[in-house]
Amino acid sequence: MTGRLYGVGLGPGDPELVTVKAARLIGAADVVAFHAARHGRSVARALAEPYLRAGQVEELLVYPVTTEGTDHPGGYQGAIDEFYEAAAARLAAHLDAGRDVVVLAEGDPFFYGSYMHMHKRLAHRYPTEVVPGVTSVSGAAAVLGRPLVERDEVLTVLPGTLPAEELAEWLATTDSAAVMKLGRTFGQVREAFEAAGVLDRALYVERATTDRQRTLPLADVDPETVPYFSLALLPSPLTGPGNLPDTDEPAPQSGQVVVVGLGPGARGWTTPEAADAVAAADDLVGYGPYLDRVPANPRQVRHPSDNRVEAERAAHALELARSGRRVAVVSSGDPGVFAMAAAVLEVAARPEHAGVPVRVLPGLTAAQAVASRVGAPLGHDFAVVSLSDVLKPLDVVLDRLRAAAAADLVIAVYNPRSKARPDQLGKARETLLEVRDPETVVVVGRDVGGPEERVTVTTLGEFDPETVDMRCLVIVGSSQTRVTPSGQVYTSRRYPG
């Protein structure tokens with residue numbers, strides 16, 4: 001069995017930008033190979049040194065020539081091709097012997113890297129994996145604090161070895177550019193930026209992310225000081241001055257209210273959209289126990305309140321948004337189901353809140369959560385009724401229950417029983433029994449998704465309202481709701497004609 005070849009990117013120069021995977025593979029390899037000029041010093045090896053271990057074989061691959069003249073009969077290209085063939089043969093000997101070989105590469109192995117010459121000669125013969133690294137272009141942009149491109153802009157990466165006229169043509173027609181391989185080519189690169197009319201926007205970075213990095217406008221660079229590990233950057237014209245001081249006044253922030261449903265309990269039931277909205281908010285408004293479910297963030301201001309002051313809570317959120325704050329009004333479950341969305345929209349319709357934008361983001365409902373724990377009791381038509389008589393008379397509640405039961409709908413009962421309303425669930429059960437069989441399936445879910453979750457399957461005749469509190473949701477089945485031998489509950493999608 002042969003060894004495995006790895007091309008491992010080390011990033012642009014900051015040792016902390018070596019990836020975890022790169023470090024692991026370097027430490028595990030039998031052989032570590034790296035390139036160097038004729039002086040024998042390898043930047044790649046210096047970056048990898050913290051991850052090397054005793055007993056590893058090191059293969060130093062020294063370039064025989066530079067771009068200067070050579071006596072080789074094939075000229076520079078002939079000499080370099082011969083070197084790559086010989087280097088590949090040295091590595092192949094290790095691979096044939098079953099030794100894993102890591103070839104180190106500054107930046108990314110496939111981005112103007114020497115590793116690719118080994119890859120072309122060996123990857124078709126041996127199992128191979130390439131580990132990407134942070135490129136020098138990414139490192140330079142980060143150092144400058146200047147985005148390369150945004151929206152539909154075009155980024156062009158160019159070698160500085162191109163003729164100045166060709167470079168200028170590319171630079172004049174692209175939004176953003178990175179020009180690599182400077183050093184001796186710097187003079188013609190600068191000339192190309194000037195000819196393209198973009199020298200005033202161009203920036204220079206050398207040895208990006210290292211303790212020797214240097215950044216300045218390209219026009220101010222002394223050509224005699226430019227090393228090979230440098231590049232010229234033409235950032236996006238749409239971005240600001242980056243890490244330079246910004247004297248412009250920040251634009252006023254536009255306030256808004258987002259009404260968010262966290263779902264019924266478990267954090268995994270909060271949608272990514274809702275989580276993003278909560279994370280982006282400046283202020284969080286809601287019933288105290290619901291706000292407690294949101295992880296603390298010292299940047300945000302929390303405004304907890306009692307569960308019975310929904311209109312005041314909504315008005316407070318809208319007033320905050322009118323002052324420019326981004327406000328998330330937090331509900332449990334879905335904010336549009338017996339929760340804060342309707343309260344906020346009702347208050348937002350008042351003249352004093354005109355123009356304040358309000359968005360509503362859906363959440364997983366308590367009815368869905370309880371139903372999922374037992375199967376599919378909501379598999380056919382169903383009604384959702386709140387037993388609370390705070391905002392509607394109890395007679396209306398019971399009439400609606402009676403109508404839903406007579407229509408043979410599955411009924412999800414919210415706010416079933418509280419200390420202030422201890423008898424209403426019993427009255428609701430009596431109302432349902434006027435038209436429903438005592439054997440009708442009933443599901444009671446308490447704190448579903450929370451640490452005290454409990455789910456019970458019973459019948460309307462056996463159902464005991466005394467076992468229920470405000471943390472419960474009750475589902476009353478229809479005539480077509482069944483319990484399987486394994487205890488699961490479903491309501492058939494087919495209804496008798």
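Model, not experiment: these values are computed from the prediction. Quick note: residue numbers are just sequence positions, from 1.
Between the side chains of Tyr495 and Asp381, no donor-acceptor pair is found at a separation under 3.5 Å. Counted by atom type alone, Ser176 and Glu153 present zero donor-acceptor pairs between their side chains at under 3.5 Å. With no hydrogens or angles considered, a side-chain donor-acceptor pair links Ser386 and Asn415 at under 3.5 Å. Side-chain polar atoms of Thr458 and Thr456 form no donor-acceptor pair below 3.5 angstrom. Side-chain contact annotation: Gln213 with Thr210, donor-acceptor N/O pair under 3.5 Å absent. Checking Thr135 against Asp108 by side-chain atom types alone, no donor-acceptor pair falls below 3.5 Å.
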Exercise. Step by step, work out the salt bridge (Lys or Arg N to Asp or Glu O under 4.0 Å) result for Arg471 and Asp447.
Key: CA-CA 6 Å; Arg471 298 178 68 185; Asp447 192 35; 3.1 Å; yes
Practice problem: Given side-chain contact (heavy atoms from CB on, under 4.5 Å), test Arg421 with Met470 step by step and report yes or no. | Solution: CA-CA 10 Å; Arg421 299 180 287 104; Met470 278 292 285; 3.4 Å; yes
Quiz item: Taking it one step at a time, do Arg373 and Val443 satisfy side-chain contact (heavy atoms from CB on, under 4.5 Å)?
Solution: CA-CA 10 Å; Arg373 288 300 198 240; Val443 179; over 6 Å; no
Self-check item: Trace of the side-chain hydrogen bond (donor to acceptor under 3.5 Å, both in side chains) decision for Asp334 with Thr365
Solution: CA-CA 5 Å; Asp334 183 287; Thr365 69; over 6 Å; no
Practice problem: Show your working on side-chain contact (heavy atoms from CB on, under 4.5 Å) between Tyr51 and Val18 and close with a plain yes or no. | Solution: CA-CA 10 Å; Tyr51 313 109; Val18 176; 3.9 Å; yes
Exercise. Please lay out, stage by stage, how Gln256 and Val356 fare under the test side-chain contact (heavy atoms from CB on, under 4.5 Å).
Key: CA-CA 6 Å; Gln256 66 168 329; Val356 177; over 6 Å; no
Quiz item: So Ser478 and Thr491, side-chain hydrogen bond (donor to acceptor under 3.5 Å, both in side chains) or not? Walk me through it.
Solution: CA-CA 7 Å; Ser478 73; Thr491 300; 4.7 Å; no
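With a 6.0 Å radius and a threshold of 12 heavy atoms from other residues, nucleotides or ligands, Arg151 has its CZ atom at or below the threshold. A 6.0 Å sphere centred on CD of Glu434 holds more than 12 heavy atoms belonging to other residues, nucleotides or ligands. Counting non-hydrogen atoms of neighbouring residues, nucleotides and ligands closer than 6.0 angstrom, the CZ atom of Arg400 reaches no more than 12 such neighbours. Annotation for Arg482: atom CZ counts as buried by contact number, over 12 foreign heavy atoms lying within 6.0 Å.
A pairwise comparison of heavy atoms in Pro362 and Glu273 identifies CD-OE1, 4.2 Å as the closest pair. Across all non-hydrogen atoms, the minimal contact from His303 to Leu320 is NE2-CD1, 3.7 Å. Here the closest heavy-atom approach between residue Arg493 and residue His380 is recorded as O-CD2, 3.0 Å. Across every non-hydrogen atom of Ala105 and Tyr115, the tightest pair is CB-CB, 4.3 Å. Across Ala321 and Val327, no two heavy atoms sit closer than the pair N-CG2, 3.8 Å. For Pro12 against Thr209, the heavy-atom pair with the smallest separation is CG-OG1, 3.6 Å.
Salt bridge annotation for Glu129-Lys21: present, with a cationic side-chain nitrogen under 4.0 angstrom from a carboxylate oxygen. Ion pairing between Glu452 and Arg446 holds under the 4.0 Å rule for side-chain N and carboxylate O. Salt bridge status for Asp283 with Arg325: present, with a side-chain N to carboxylate O gap under 4.0 Å. A salt bridge is defined here as a Lys NZ or Arg NE, NH1 or NH2 lying under 4.0 Å from an Asp or Glu carboxylate O, and Asp469 with Arg417 fails to meet this definition.
Contact of the Val448 side chain with the Trp269 side chain is registered, since non-hydrogen atoms from C-beta on lie closer than 4.5 Å. The side-chain heavy atoms of Val374 and Tyr490, taken from C-beta on, include no pair separated by under 4.5 Å. By the 4.5 Å heavy-atom criterion applied to side chains, Ile26 and Leu10 are counted as neighbours. A 4.5 Å side-chain heavy-atom check between Phe463 and Val474 finds at least one atom pair inside the cut-off. Residues Val358 and Leu345 form a side-chain contact, since some pair of their non-hydrogen atoms from C-beta on lies under 4.5 Å apart. Side-chain contact between Asp175 and Thr156: absent, with no pair of heavy atoms (C-beta onward) separated by less than 4.5 Å. Between Leu318 and Val257, some side-chain heavy-atom pair lies under the 4.5 Å cut-off. Taking 4.5 Å as the limit, some side-chain heavy atom of Leu5 sits within range of a side-chain heavy atom of Val103.
Taking CG of Asp389 as the reference point, atom CG of Asp395 lies at 9.5 Å (rounded to 0.5 Å). Rounding to the nearest 0.5 angstrom, the gap separating the OG atom in Ser114 from the CG atom in Leu104 is 11.5 Å. From Thr431, atom OG1 reaches atom CG of Asp399 across 8.5 Å, with rounding to the nearest 0.5 Å. If you take CG on Leu25 and OG1 on Thr19, they are separated by 8.0 Å, rounding to the nearest 0.5 Å. To the nearest 0.5 angstrom, Leu401 atom CG is 6.0 Å from Leu387 atom CG. One finds the OG1 atom of Thr215 at 10.0 Å from the OH atom of Tyr204 (value rounded to the nearest 0.5 Å).
Looking at Arg4, its side chain never comes within 3.5 Å of a backbone N or O of Val102 through a donor-acceptor pair. The backbone N or O of Leu234 lies less than 3.5 Å from no partner atom in the side chain of Arg146, so there is not a single donor-acceptor pair. Side chain of Arg207 to backbone of Phe229: no donor-acceptor contact under 3.5 angstrom is found. With hydrogens and angles disregarded, a donor-acceptor distance shorter than 3.5 Å links the side chain of Thr270 to the backbone of Leu262. Judged by distance alone, the side chain of Gln488 and the main-chain N or O of Thr484 form no donor-acceptor pair under 3.5 Å. Listed for the Thr440 side chain is a donor-acceptor partner under 3.5 Å among the backbone atoms of Asp437. In this structure, the side chain of Glu106 does not engage the main chain of Gly9 through any donor-acceptor pair within 3.5 Å. Checked by atom type and distance alone, the side chain of Gln300 pairs as donor or acceptor with a backbone atom of Val278 at under 3.5 Å. One N or O on the side chain of Arg299 and one on the backbone of Ala281 form a donor-acceptor pair closer than 3.5 Å. Within the 3.5 Å criterion, the main-chain N or O of Gly477 finds a donor-acceptor partner in the side chain of Arg436.
Note: His119 and Phe110 have perpendicular aromatic rings, judged against thresholds of 30 and 60 degrees for the angle between ring planes.
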